[in-house]
Amino acid sequence: MELLEKKVLIISSDIDRSTSEVLEWLIVKKQPFIRLNDNVCFDLDNIEIMQKQNKLVLKYNGEIIYLKNIKSFWYRRGSISVRNNIPDSIPNAVKIYLNEECKAIEAFIIYELDKLAKINHYGNSNLNKLYQLSLAVECGLNIPYTAIANDSSTVKKILLEHKSIVSKSIQASLNYQTKSNMYSLMTSKFENCDLDTSAANFFYTKFQPQIVKDFELRIFFLNKKFYTMAIFSQRNKKTEVDFRNYDFENPNRCVPYKLPVFLEKKLLKLMNKLDLLSGSIDMIVRGKEYYFLEVNPVGQFGMVSYPCNYYLEEKIAEILSKNENKKLKN
Amino acid sequence: MQTDIPFKMFENCILVKGIKRSTIVDLGRRKYHIIPNDLHDLLTKYDGKSIEHIMQFYDIENQKTISEYFKFLFDNEIIFHTENPNHFPKIDFSNWKTPSLVYQCIIDLKSDYSVINEDLVESLDNLNCKFLQIRIYGNIKTQRLHDLIKKFENSSIIGIDVYLKYKSIEESEALYDLAKTFQRVNNIVIFDSDTNKQLFTHKKHNVNIAYVKQKITNCLSCGVVSPEYFSVNIQAFTESSNFNSCLNQKISIDENGEIKNCPSMKESFGNIKNVSLEEALDKEGFKKYWKITKDKIEGCKDCEFRHICTDCRAYVENPDDKYSKPLKCGYDPHTSKWEEWSTNPLKQKSIEHYGLRQIIK
Ligand code: SF4
Ligand code: SF4
C-alpha cells in the first residue's frame with residue numbers, strides 16, 4: 001500500500017525555462033512532481049487492462065512510475081516512446097512486426113497519459129496547419145487566402161492577383177548546420193523576381209498574400225480564457241533599416257489586448273474542435289478584420305506572460321496541482 | 001500623425017506625476033522621458049480621443065505646443081492611432097508575485113570566507129533565492145574566489161555579482177576565466193580603481209567586468225541614489241508599486257556574519273554561525289520594511305522618479321522616522337535639481353548619526 005501524495009508528471013526538455021518556472025510555482029504550492037526531459041523512453045513494467053480500472057506501471061531510469069499515483073500530466077516537449085530491444089539479426093518482417101507491437105503499447109501509454117492531461121495532449125501536439133485553417137473557416141474565422149504550389153506558373157497567377165505574397169513552410173520547421181553555415185527556414189516575401197530565379201518546378205510550398213497589418217496578436221489560451229498580447233512592429237523609419245537598433249534599442253511594442261467577445265466565441269469553438277486545452281494562437285489585425293494564422297498546441301507563453309503581467313506560469317501550476325481530476329472542457 | 005483618428009498610449013508607457021514635472025516610464029524600451037506636468041494632464045484627460053478633439057479647446061499659441069508634444073510622442077512611439085482604444089486594457093500592476101521567499105541575497109566578506117558553505121547554499125535553495133551579490137572588502141586569492149563561486153553551481157541562484165577591491169586579486173585575466181567558467185556570474189565590479197573602465201563585456205552571455213573609481217570601504221558606501229541606478233523594467237516597476245524597491249525579499253549577511261535585511265541595517269536577526277537564513281527570515285520584524293513603497297515616503301511621494309528609483313531605508317534623513325527620505329539622495333522634486341547630498345547642511349546630523357563621515361571625501 002502506498003499512501004503517496006499524487007504527483008504531477010511533466011515531459012519537457014532540459015533547456016526549457018518556462019517548464020522550470022512552472023515547477024517553481026509547484027514547489028510553492030507544495031505539489032510533488034516528476035519532470036522527465038528530452039525524448040523520454042520508458043521501460044514498461046506492466047500493463048493490465050481490467051474491468052474496473054487499468055493498471056499501468058512505467059520505469060524510467062530505474063524509477064518506477066505508477067500511473068495511479070499521477071494526478072495530472074503536462075506534455076511540453078520531446079517525444080514519448082517505449083524501449084524495444086529488437087535484435088538486429090532477426091528477419092526484417094519480424095522486426096516490422098515487433099515494431100508495430102511496440103507502437104501499440106506506446107499509443108496506449110499516450111492514451112492513458114492524455115486522460116490526465118490538463119494543459120496539452122501529447123496526441124495532438126503537432127496539429128496539421130492546413131487542417132487548422134479549414135477548421136478555422138468552419139468556425140467563422142477569417143484566414144488569409146492560402147495556396148500550396150510547386151510550379152512557378154501557379155505562383156505567377158497568385159502574384160498577379162495578390163501583388164505581394166509570402167512563402168512559408170507547410171507544417172514543419174527546418175534548422176540545419178553545414179561546416180560553414182547555419183540554415184533555418186523562415187517566412188519570406190516572394191516577389192516577381194524570385195520567379196525568374198527559381199526553377200519552373202520546386203518543392204511544395206505554402207503561399208499567402210502579405211497582409212498589411214496594424215498589429216499582430218499572440219494569444220495564449222488556457223483554462224477557457226484568452227490571454228492576449230498585441231505586437232506592434234517597429235514603424236520608426238530611423239531604426240527600421242538597422243536590425244541591431246531595432247532589436248536592442250526599440251523592441252516591438254508588446255501590450256495587453258482585449259479580444260472582442262464575438263472573436264473569443266469563434267476561437268473557443270475552434271479550440272474545442274481541435275480538442276485543445278491550451279495553445280498559442282497567432283492572428284493579425286487590419287482595421288476591423290482579424291485573420292487567424294495558426295495555433296501551436298505547445299507554444300511559448302513566457303513571451304506573453306512577462307510583458308503583460310499575466311503570471312501564466314503560476315496559473316499553469318495551479319491547474320496542474322488542482323485536485324479534482326476532470327478534463328477542463330466545455 | 002492623423003488628427004482625426006483617436007490616439008492611445010501604449011500601456012507599457014506609464015505616466016508618473018511629480019510635484020513639478022512628470023515622467024513617462026517606458027517599460028517596453030527600458031527608458032524614461034521627463035515631461036512637463038501639462039503634458040501629463042493632457043494625456044490623462046484625452047487618452048483615447050483624437051488630436052482634433054483636443055485642439056478645439058486651445059488657442060493657436062497652445063496648439064503649436066501641443067503639436068510639438070504629439071510629434072515627440074509619435075517619434076518615440078509612446079502613442080499610436082486606433083479606432084478601438086478600449087481594446088487595449090491597462091497592465092495590472094497591483095500584484096507582484098514570485099515563487100521565491102527571498103529574491104536577492106547580499107553577502108559582505110572581509111576575511112572570513114567560511115560563511116559561504118554548503119549549508120548556506122542549501123538555505124538559499126530552500127528560499128529559492130535567485131540573485132546573489134558578494135562584496136569582498138579585503139584581499140582574496142583567485143583560487144579562493146573560484147571555489148566560493150563554484151559552490152553555487154546547481155543552486156537556485158541564477159545571477160551572481162561580485163564586488164572586489166582594486167588590486168585585491170592577483171591578475172585580472174583570472175576574472176575572465178571566472179566569468180567564462182561560471183555562467184551565473186553577471187557582473188564583476190572592481191572598485192577603488194584609478195579609472196572607470198569597461199574591461200570586458202559580453203552581451204550574449206550577459207557578463208560585464210568593469211573598473212570603477214568609486215571608493216568602497218564597507219557597507220557604509222551603499223545606498224547612494226542616482227539616475228545611474230534607476231531601473232526601468234516591468235518587474236522592477238510592478239515590485240516597486242507594491243513593495244520596497246530595495247529591501248523586499250532581500251536577505252543579507254554582514255561582514256561579521258550577522259543576518260540582516262541589508263548589511264547596513266542596525267537590526268540583526270542572529271549570527272549565521274548559529275541561526276539559519278530560514279529561521280532569521282521568520283523572526284518578528286525581519287520584513288518590517290518590505291511593504292514601504294515610495295508613495296509612502298516623505299519627499300519621494302512627490303517625485304517623478306519614484307517608481308524607477310531604488311529606495312534606501314538604512315540611511316535616511318531622519319533616523320527616527322521610517323518613512324523618511326533616503327539620506328543619500330541629492331534630488332529635490334520641488335526644484336527639479338540634483339545636488340551633492342553629502343554637503344547639504346540639513347543632512348549633517350544624520351551623516352554623523354550613521355558614522356558616514358569616514359566614507360565622504
Ligand atoms: S537599504 Fe540602503 S544600504 Fe541597504 S542595501 Fe538598500 S540601498 Fe543599500
Ligand atoms: S526623491 Fe526619492 S524617489 Fe526621487 S530620486 Fe530621490 S530617493 Fe528617488
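Here the structure is a predicted model, which is why all the values come from computation and not from measurement. Letters A, B, ... mirror the listed sequences (proteins, then strands); counts begin at 1. Both backbone and side-chain heavy atoms feed into the values below; hydrogens, waters and symmetry mates do not.
Annotation for A:Tyr311 and B:Lys97: closest pair OH-N, 3.0 Å, computed over non-hydrogen atoms. Pairing each heavy atom of B:Pro89 with each of A:Pro256, the nearest pair is CD-O, 3.6 Å. The minimum heavy-atom distance between A:Arg253 and B:Asn76, with the atom names listed, is NH2-O, 3.7 Å. Nearest heavy atoms, A:Asn309 versus B:Asp92: ND2-O, 3.0 Å. Considering all non-hydrogen atoms of both residues, A:Pro251 and B:Gly28 come closest at CG-O, 3.5 Å.
Contact annotation for B:Ile91: both backbone and side-chain heavy atoms come within less than 4.5 Å of a heavy atom of chain A. Heavy-atom distances place both the backbone and the side chain of A:Tyr306 under 4.5 Å from chain B. Only the side chain of B:Asp26 comes within contact range of chain A, judged by heavy atoms closer than 4.5 Å. Contact of B:Thr98 with chain A is made through the backbone alone, with heavy-atom distances under 4.5 Å. The contact between A:Glu314 and chain B is made entirely by side chain atoms (from C-beta outward), counting heavy-atom distances below 4.5 Å.
Looking at heavy atoms from C-beta onward, A:Phe215 lies out of side-chain contact with B:Phe80 at the 4.5 angstrom threshold.
Annotation: B:Lys296, atom NZ; neighbour count of heavy atoms from other residues, nucleotides and ligands within 6.0 Å is above 12. Other residues, nucleotides and ligands place no more than 12 heavy atoms under 6.0 Å from the CG atom of B:Asn154. Counting non-hydrogen atoms of other residues, nucleotides and ligands closer than 6.0 Å to CG of A:Leu174 gives a total above 12. Within a 6.0 Å sphere centred on CD of B:Gln183, other residues, nucleotides and ligands contribute 12 heavy atoms or fewer. Dense packing is recorded around NZ of B:Lys151, with more than 12 heavy atoms of other residues, nucleotides or ligands lying under 6.0 Å away.
Between B:Phe88 and A:Phe232, the ring planes are tilted. Angles from 30° to 60° get that label.
Shown here are the ring pair (Phe, Tyr, Trp, His ring centres under 6.0 Å) partners of B:Phe237, two or more places apart in sequence or in another chain: B:Phe93, B:His307.
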